[in-house]
Amino acid sequence: MSLSKYIIDHSDPQGEVLDWLQKQTNIRTNHARMLSGAVQGRLLRMLVQMTGARRILELGTFTGYSAICLASGLPEDGHLDTLELNDELEDLILEGFDRAGLSEKIQLHIGDCKETLQRLSNECVEPYDLVFIDANKREYPEYYELVFPLVRKGGWILGDNVLWDGKVAEDPMPQDKQTVGIDTFNKMVLADSRVESVILPLRDGLNIIHKL
């Protein structure tokens with residue numbers, strides 16, 4: 001038995017709705033590996049509960065798996081804004097939210113992530129407690145700068161895929177825009193005196209950032 005299978009087998013299962021969504025993602029997209037998966041999904045839910053987050057912002061919905069995990073940890077009056085570029089996924093995303101009974105807690109925003117962030121920044125009357133970044137890897141540094149003012153003091157930013165299949169640790173490091181974007185993001189966070197952070201080697205790496 002592999003260690004990853006042991007971890008999955010000895011962690012709480014993802015549940016019926018996420019089972020359905022995982023199958024639909026495999027059937028209806030070519031990028032099912034982009035799903036957060038059962039273990040990371042459970043961690044996201046627990047992080048929401050542990051931090052007491054009430055307002056969450058997610059960059060990169062894909063088919064809605066991580067959004068469901070995050071929103072399921074929210075209190076009764078909690079709210080999640082999730083941003084997705086691909087409008088072809090909208091029907092699947094919304095059906096998943098409905099099946100999970102979370103439609104009232106989640107607002108899906110279809111469109112360019114940076115443009116939507118600018119709009120939300122203008123409209124934001126209450127800061128977010130937690131932000132989950134899982135969109136275009138090339139633009140992680142820009143996302144970080146855009147979301148930082150939207151996060152309350154003491155809030156949290158989570159950066160996904162920050163190990164990028166180990167490419168960020170290769171010597172020499174590949175110079176494709178995705179790898180460079182992720183590496184630049186990690187270095188920005190490390191050098192930022194406004195935060196403390198730690199990278200967990202979970203799946204493809206999760207950077208947990210605490211705004212001081």
Side-chain angles (χ1 to χ4, degrees), residues 15 17-18 21 35-36 40-85 89-90 93-136 139-162 185 188-189 192 194-198 200 202 206-212:
V17 172
L18 294 177
L21 184 55
L35 286 178
S36 290
Q40 181 170 310
R42 178 60 65 176
L43 176 63
L44 291 176
R45 183 175 186 271
M46 286 184 170
L47 286 173
V48 173
Q49 295 171 323
M50 290 163 62
T51 60
R54 190 176 61 83
R55 284 176 48 79
I56 302 174
L57 173 63
E58 177 184 48
L59 280 55
T61 316
F62 188 38
T63 57
Y65 189 105
S66 54
I68 290 173
C69 294
L70 290 163
S72 67
L74 285 168
E76 196 65 34
D77 63 343
H79 177 80
L80 167 69
D81 285 305
T82 184
L83 283 53
E84 174 57 42
L85 176 64
L89 296 173
E90 184 172 4
I93 293 168
L94 294 178
E95 183 176 352
F97 294 169
D98 183 61
R99 284 173 175 261
L102 294 168
S103 297
E104 297 300 316
K105 286 188 176 181
I106 308 175
Q107 176 66 50
L108 173 65
H109 304 264
I110 297 291
D112 179 79
C113 196
K114 289 188 290 185
E115 292 178 4
T116 306
L117 281 174
Q118 292 285 7
R119 176 173 57 80
L120 289 175
S121 179
N122 293 332
E123 298 174 355
C124 188
V125 294
E126 186 178 354
Y128 291 99
D129 303 300
L130 186 148
V131 174
F132 181 50
I133 302 176
D134 189 19
N136 190 332
E139 299 182 339
Y140 267 37
E142 294 172 82
Y143 296 154
Y144 183 68
E145 296 289 357
L146 286 168
V147 303
F148 198 88
L150 303 179
V151 181
R152 68 168 174 82
K153 185 176 180 180
W156 302 82
I157 300 172
L158 309 177
D160 201 17
N161 303 114
V162 294
F185 169 77
M188 284 177 64
V189 171
D192 192 344
R194 301 170 299 174
V195 303
E196 57 183 1
S197 65
V198 62
L200 298 182
L202 175 64
L206 185 68
N207 199 335
I208 300 179
I209 305 157
H210 185 210
K211 184 175 180 178
L212 301 174

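Along the sequence shown, the residues carry numbers beginning at 1.
Smallest separation of non-hydrogen atoms from Val48 and Thr51: O-OG1, 3.3 Å. Summarising the geometry of Ile208 relative to Leu200, their closest heavy-atom pair is CD1-CD1, 3.6 Å, with the distance given to 0.1 Å. Contact detail for Gly155 and His210: the closest heavy-atom pair is O-CD2, 3.4 Å.
For the atom pair OG (Ser72) and CE (Met46), the distance works out to 10.5 Å, reported to the nearest 0.5 Å. Summarising the geometry, atom CD belonging to Glu139 is positioned 7.5 Å from atom SG belonging to Cys113; distances are rounded to the nearest 0.5 Å. To the nearest 0.5 Å, atoms CG (Leu83) and CD (Glu115) are separated by 11.0 Å. Atom CG of residue Leu47 and atom SG of residue Cys69 lie 11.5 Å apart, to the nearest 0.5 angstrom. Rounding to the nearest 0.5 Å gives a distance of 5.5 Å between CG of Leu130 and CD1 of Ile56. Between the OG atom in Ser36 and the CG atom in Leu44 there is a gap of 5.5 Å [rounded to 0.5 Å].
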Before you tell me yes or no, could you show the steps for Thr61 and Leu89 under side-chain contact (heavy atoms from CB on, under 4.5 Å), namely the whole-Å CA-CA distance, both residues' side-chain angles and the distance that decides it to 0.1 Å? CA-CA 9 Å; Thr61 316; Leu89 296 173; over 6 Å; no
task: Show the numbers, then the answer: is there a side-chain contact (heavy atoms from CB on, under 4.5 Å) between Tyr128 and Arg152?
output: CA-CA 6 Å; Tyr128 291 99; Arg152 68 168 174 82; over 6 Å; no
Let's go through Phe185 and Asn207 carefully: what are the C-alpha distance in whole Å and the side-chain angles of both, what is the deciding distance for side-chain contact (heavy atoms from CB on, under 4.5 Å) to 0.1 Å, and is it a yes or a no? CA-CA 10 Å; Phe185 169 77; Asn207 199 335; 4.2 Å; yes
*Show the numbers, then the answer: is there a side-chain contact (heavy atoms from CB on, under 4.5 Å) between Leu59 and Tyr140?*
CA-CA 10 Å; Leu59 280 55; Tyr140 267 37; over 6 Å; no
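Side-chain atoms of Glu84 come within 3.5 Å of backbone N or O of Phe62 as a donor-acceptor pair. The backbone N or O of Leu80 sits nowhere less than 3.5 Å from a side-chain atom of Arg55 that would complete a donor-acceptor pair.
Considering only residues two or more places apart in sequence or on other chains, Phe132 meets the ring pair (Phe, Tyr, Trp, His ring centres under 6.0 Å) condition with none of them.
Looking at heavy atoms from C-beta onward, Phe97 lies in side-chain contact with Thr82 at the 4.5 angstrom threshold. A 4.5 Å side-chain heavy-atom check between Ile68 and Arg99 finds every atom pair outside the cut-off. Side-chain contact between Leu117 and Val147 is present, with at least one heavy-atom pair separated by less than 4.5 Å. Annotation: side chain of Ile133 is not in contact with side chain of Leu158 (no heavy-atom distance under 4.5 Å). No side-chain heavy atom of Val195 sits less than 4.5 Å from a side-chain heavy atom of Trp156. Within the 4.5 Å cutoff, the side chain of Phe148 has heavy atoms near those of the Lys211 side chain. Taking the side chain as every heavy atom from C-beta outward, Asp134 and Glu58 never approach each other to under 4.5 Å. Contact check for Gln118 versus Leu146: side-chain heavy atoms found under the 4.5 Å cut-off.
Annotation: Met50, atom CE; neighbour count of heavy atoms from other residues, nucleotides and ligands within 6.0 Å does not exceed 12.
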Side-chain atoms of residues 100-111: list all donor-acceptor pairs with protein atoms under 3.5 Å, sequence neighbours left out, distances to 0.1 Å.
{"residue": "Ser103", "atom": "OG", "partner": "Asp98", "partner atom": "N", "Å": "3.3"}
{"residue": "Lys105", "atom": "NZ", "partner": "Leu74", "partner atom": "O", "Å": "3.3"}
{"residue": "Lys105", "atom": "NZ", "partner": "Pro75", "partner atom": "O", "Å": "3.0"}
{"residue": "His109", "atom": "ND1", "partner": "Arg119", "partner atom": "NH2", "Å": "3.2"}
{"residue": "His109", "atom": "NE2", "partner": "Asp81", "partner atom": "OD1", "Å": "2.8"}

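Using a 4.0 Å cut-off between charged side-chain N and carboxylate O, Asp192 and Arg194 make a salt bridge.
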